[in-house]
Amino acid sequence: MAIERYNPREAETKWRNAWAEADVFRLSNDDTRPKYYVLEMFPYPSGRIHMGHVRNYTMGDVVARYKRARGFAVLHPMGWDAFGLPAENAAIKSKVHPAKWTYENIATMRAQLKTMGLSIDWSREVATCAPDYYRHQQKMFTDFFKAGLVERKKSKVNWDPVDMTVLANEQVIDGRGWRSGALVEQRELSQWFFKITDFADDLLTALDRLDRWPDKVRLMQRNWIGKSEGLKLRWVLDGAPAGFDELEIYTTRPDTLFGASFMAIAPDHPLAANLAANNPALAEFVAECKRMGTSAETIETAEKKGFDTGVFAVHPLDPSWKVPVWVANFVLMEYGTGAIFGCPSGDQRDIDFARKYGLPVVPVVLPADEPARAAGLAAIEAGTAFDGDGVMVNSRFLDGMSTDAAFDAVVARLEAQMLAGRPQAARQTNFRLRDWGISRQRYWGCPIPIIHCEDCGPVPVPAADLPVRLPDDATFDKPGNPLDHHPTWKHVPCPACGKPARRETDTMDTFVDSSWYFARFTDPFNEAEPTTRAVVDRWLPVDQYIGGIEHAILHLLYSRFYARAMKATGHLGLDEPFAGLFTQGMVLHETYRSAAGDWVSPAEVEVFTDNGQRHARHRQTGETIGIGSVEKMSKSLKNTVDPDEIIATWGADTARWFMLSDSPPERDVAWTEDGADAAHRFVQRVWRLTQEAAEIIPPAGTALPPVWSDAAIAVRKAAHKALAAVEDDIEKLAFNRAVARVYELTNALHKALGDAAGDASLKSALREGFEFLAIAIAPMMPHLAEACWESLGHRDMIVNTPWPQTDSSLVIDDTITLPVQINGKKRADVTVARAADVAEVQAAVLALDAVVKALEGKTPKKIIVVPQRIVNVVA
RNA sequence: GCGGGCGUGGUGGAAUUGGUAGACACGACAGACUUAGGAUCUGUUGGCGCUAGCCGUGGGGGUUCAAGUCCCUCCGCCCGCACCA
């Protein structure tokens, strides 16, 4: 009897409808089973989903469906990171309102995501641009404000004078606005800040406890927070203008103070500005420094440059010793005090600088042990600083001390030394982390709920007046902030005194929106409050968060801060929102280029093999197309494939299966036609074999045979081992290995199917085997799994079927075959009882022909038996 | 420059974390079935011998009974970044 090919379009629609009808993915907050919260980073509604989304959401769905089958109450929601600049750009360009643009994109993308067959509780869907979402964000802003976690202060911004708007760093290209092309100005604006620095130390130390986060991400956050322990130290100036009696510097190496040979201040240090006023050459130098770019590349390649001010600083440990004060291009005003002392022997920048300008280089720290000491000294003479720990030299009372001891000794002395009525120095912990500026001069964002009153100052909008809604009738045809232009919106009475006042027209950074959505998902039904304490505390933290590495720092750090701020204001009860984090790799594709050099999209290209060589031609024109390297999918390289087309052609299960196969999930994966084809062939194979099996196996629920044949036992072992391995692999997110285990099981079942005639117990074993196969693929290819499950005679859906318990007596063999090495090379195998002790294994090994032959009657020097692993005979 | 990661067949990748290198898949080759197949099935597929043998995880060296895995060194690629005092 011919078996019909599996039709993914029909079957996938059928099962998705069945799940929707039964509402199987709706989660009740009253569910008392153990909880599991799976979350993938929610998408920006850019218009259409891309293959990166397919990979991300497939991985999350595997975990969600698997945990569901294991009996957990799984929270697996979806929403939209819906505020942001692209919507506003679309408004300017296409005259479409940002809200319309955004909601249309959401509708498209929601429909696309639904075709993937994700086990999402759509009743919890949120969009951050919806007033019923951002009203709670505004409430929390006012709570943070009252708790002292919000601050208004001046900060430098990139200002586009044509568009009259603030630009993000990445929107400044070669010093010009990306859209207007105008030269960008640095402007000081009053901005709202969240005081993330209040939590700097806690955000740092808590990283140690996030043991289910990638080390790489934790390291990046650690570096970003950038804690350093040092000393603030004031030097008396000699020859400086009035008002500049002292120069305060910050150093992490007070131990190297006797190696000081110059002071260096930032080009925008007040002292530099003051001196430049009467010194055209210095003014020119300062201007030159400011022209220099700030990218890592320019900075790394920039030469160390300085300008001698003629001012001197008096050494704090020797009043007779004066060091020159320079302005240097490598000192940053934003960090520490904008001034340093230069110790050339201990810092590469300082030694470069000193050698360029002929300043002294005095070694003050050298390695303790002799060969290293001489090498260190030679290196310093050759221009390489020694910045390691060691022993003090040329440092008077510090000589012979360790670096640490010298640090403490200098600090102790300078803390006790008074200058102008205060200790001359004080220990200080510095952080690189700055407060989080959230003000954006844009329309399409969450309005900052503040009203500015001449008498009362900034007043938070009362809770009863929330949300502060965006006006629908904003216009986008002139530069600047549409909220500011709006004729009426900003004019309101002061909530405190009733006098005419005006609204804050800045909106919040969209990172605020995404810093708490995971908490909102726990109870998006609560209209009164952002969260419901009993609910949010039950479901958080997110057990498994999955997303791209590009959010390693900002989004994840802001969310960690936000959880702390929400805790401080009573909105939830924990510090760390994400217990487990996984960062998945990107999706790549081969690139294609026409003879004219234009990029050609994969959809237009036909790849064929001729004489073992891969070639490509244009599907329509037949033109020869060059095959290029495999690159990250991008519009500019045109090497994207459209998930809609993939799903229409092959079905969602094929796309999902491909995304999980082969490449480890944290690594990049290249989408290939061959791979998709192979994944689809496997879909058909599982279906076909299941149909074949269904014709011969006993009906569902038939009693198990009292005795199993050897072939039946072999099938049962294969099935139980495969399922146990899949469990283990999914728990570890090793989806590629789970896929391999499924292939192995399928191969075993296929082989056994041919031998089943006349062996009733084998047929029973095959029922179990094919059921296990369906169970094993269910998290990965859920539609196919349902179809197979139905074919196997089940009336309940597999989505409601608990994951079976594997039988450990079938998973663990009672005899094992160990490889036998002679002198480290494998020469034989030995099969022994699993429980065999070392002596028994040795005896069995010594009886092997290969061993007897190799030993030639001699006694082996040693026999190493590694239980359950290997035997090595040393002759 | 600093920090992190990686290097395994023609390709993507496995390898129980010091214990049989190449699981599984792609591709390729040969054959079967077929009107046909880009379907399906059966084989083969790291290299050299092609016989019971030797070599082989970027190169070189080391530790060990045993190294893809640990150490040293060199080469190559990728990612991140902050001239952070």
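Lettering of chains follows the sequences in order, A, B, ..., and the numbering in each one begins at 1. Note: hydrogens, waters and symmetry copies are ignored here, and every other heavy atom, side chains too, is used.
As judged by a 4.0 angstrom heavy-atom cut-off over every strand, A/Leu219 is placed among residues touching the sugar-phosphate backbone only. Heavy atoms of A/Val866 sit under 4.0 angstrom from at least one base atom. Residue contacts shown for A/Val331 include a base, since a base heavy atom lies under 4.0 Å away.
Annotation: B/G68 and B/C50 have their C1' atoms spaced 27 Å apart (nearest Å). For the C1' atoms, the distance from B/A21 to B/U57 is 7 Å, rounded to whole Å. Rounded to whole Å, the P atom of B/G49 lies 32 Å from the corresponding atom of B/A14. B/G46 and B/U8 are spaced 10 Å apart, taking the C1' atom of each and rounding to whole Å.
Around NZ of A/Lys751, the count of heavy atoms belonging to other residues, nucleotides or ligands within 6.0 Å does not exceed 12. Around the NZ atom of A/Lys227, the shell of radius 6.0 Å holds more than 12 heavy atoms that belong to other residues, nucleotides or ligands. Counting non-hydrogen atoms of neighbouring residues, nucleotides and ligands closer than 6.0 angstrom, the NZ atom of A/Lys717 exceeds 12 such neighbours.
Taking the syn range as angles within 90° of 0, the glycosidic angle of B/U17 is syn. Annotated as anti: B/G13, whose glycosidic dihedral deviates from 0 by more than 90°.
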Within the sub-3.5 Å range, which N or O atoms of nucleotides 40-49 of chain B have a protein N or O partner, and how far apart are they?
from  : atom 1 : to       : atom 2 : distance (Å)
B/U40 : O3'    : A/Arg688 : NH2    : 3.3

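Although no hydrogens or angles enter the test, the distance criterion places no donor-acceptor pair under 3.5 Å between the side chain of A/Ser663 and the main chain of A/Val669. Proximity of a side-chain donor or acceptor of A/Glu666 to a complementary backbone N or O of A/Phe582 within less than 3.5 Å is not detected. In this structure a side-chain-to-backbone donor-acceptor pair under 3.5 Å is missing from A/Arg212 to A/Leu581. With hydrogens and angles disregarded, no donor-acceptor distance shorter than 3.5 Å links the side chain of A/Glu606 to the backbone of A/Arg619. With hydrogens and angles disregarded, no donor-acceptor distance shorter than 3.5 Å links the side chain of A/Asp729 to the backbone of A/Ala734.
Here A/Lys216 does not reach the OP1 or OP2 of B/G4: none of its side-chain N or O atoms lies under 4.0 Å away.
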For salt bridge (Lys or Arg N to Asp or Glu O under 4.0 Å), just list the numbers for A/Arg218 and A/Asp215, CA-CA rounded to whole Å, side-chain angles, deciding distance to a tenth of an Å, and then say yes or no. CA-CA 5 Å; A/Arg218 291 194 285 173; A/Asp215 290 341; 2.8 Å; yes
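Comparing A/Asn747 and A/Glu606 by the nucleotide of RNA chain B that holds the closest heavy atom to each, the one mapping nearer the 5' end is A/Asn747.
One interatomic measurement links the two molecules: NE2 of A/His269 to P of B/C84, which rounds to 18 Å at whole-angstrom precision. Going from atom CG of A/Leu204 over to atom P of B/C84 covers 18 Å, rounded to whole Å. Note: CG (A/Asp674) to C1' (B/C26) measures 7 Å, nearest angstrom. For the pair A/Lys861 NZ and B/A66 P, the interatomic distance rounds to 11 Å; values are reported in whole Å. Put simply, NZ on A/Lys356 is 15 Å from C1' on B/C83, counting in whole angstrom units. B/A85 atom P lies 9 Å from atom CG of A/Asn430, rounded to whole Å. Atom pair A/Asn872:CG and B/C65:P shows a separation of 10 Å (rounding to whole Å applied). A straight line from CG of A/Asn223 to P of B/G5 spans 13 Å, rounded to a whole angstrom.
Within a heavy-atom distance below 4.0 Å of RNA chain B, no residue of residues 260-268 of chain A is found. The stretch residues 813-831 of chain A touches RNA chain B through A/Pro819, A/Gln821, A/Lys825, A/Lys826, A/Arg827, each having a heavy atom under 4.0 angstrom from the strand. Sorted by residue number, the members of residues 336-351 of chain A with any non-hydrogen atom under 4.0 Å from RNA chain B read A/Ile340, A/Arg349.
Between A/Tyr743 and A/Phe682, a ring centre-to-centre spacing shorter than 6.0 Å is recorded. For A/Trp657 and A/His680, the ring centers sit 6.0 Å or farther from each other.
At a cut-off of 3.5 angstrom, the base of B/C83 holds at least one donor-acceptor pair with the side chain of A/Lys304.
With sequence neighbours left out, A/Arg667 forms a side-chain contact (heavy atoms from CB on, under 4.5 Å) with A/Pro664. In this view, A/Phe658 and A/Trp671 satisfy the ring pair (Phe, Tyr, Trp, His ring centres under 6.0 Å) rule, not counting sequence neighbours. The side-chain contact (heavy atoms from CB on, under 4.5 Å) test applied to A/Ala425 returns A/Leu231, A/Leu233, A/Leu414, not counting sequence neighbours. Contacts of A/Thr591 classified as side-chain contact (heavy atoms from CB on, under 4.5 Å), with partners at least two apart in sequence or in another chain: A/Trp599, A/Ser629, A/Glu631, A/Leu637, A/Asn639.
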Side-chain polar contacts of residues 865-875 of chain A - donor-acceptor pairs under 3.5 angstrom, sequence neighbours left out - could you list them?
from     : atom 1 : to       : atom 2 : distance (Å)
A/Gln868 : OE1    : A/Arg834 : NH2    : 3.1
A/Asn872 : OD1    : A/Gly824 : N      : 3.1

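One finds no salt bridge joining A/Glu334 and A/Arg434 here, because no Lys/Arg side-chain nitrogen approaches an Asp/Glu carboxylate oxygen to under 4.0 Å. The pair A/Asp208-A/Arg222 counts as a salt bridge, with a side-chain nitrogen and a carboxylate oxygen less than 4.0 angstrom apart.
A pairwise comparison of heavy atoms in A/Asp350 and A/Cys343 identifies OD2-N, 3.0 Å as the closest pair. Summarising the geometry of A/Gly628 relative to A/Glu590, their closest heavy-atom pair is O-CG, 3.6 Å, with the distance given to 0.1 Å.
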Starting at the 5' end of RNA chain B, write a dot or bracket for each base, bracketing those in Watson-Crick or G-U wobble pairs whose two distances are under 3.5 Å and using | for partners on another strand. (((((((..(((......[....)))((((((.......))))))(((....)))..(((((..]....))))))))))))....
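Annotation: cation-pi pair A/Arg432/A/Trp224 present, NZ/CZ under 6.0 Å from the ring centroid and within 45° of its normal.
Relative to the side chain of A/Val874, the nucleotides B/C65, B/A85, B/C24 differ in distance, and B/C65 lies closest. Considering only side-chain atoms of A/Ile870, the nucleotide from B/G19, B/A85, B/C26 that sits closest is B/G19.
Under 3.5 Å, the side chains of A/Asp435 and A/Thr197 contain a donor-acceptor pair of N or O atoms. No side-chain N or O of A/Thr252 forms a donor-acceptor pair with one of A/Ser228 less than 3.5 Å apart.
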Return a single string for nucleotides 69-78 of chain B, one symbol per nucleotide in 5' to 3' order, where B is base contact, S is sugar-phosphate-only contact and - is none, cutoff 4.0 angstrom on heavy atoms. ----------
Could you run down nucleotides 7-18 of chain B 5' to 3' and tag each one B, S or - for protein heavy-atom contact under 4.0 Å? -----BSSSBS-
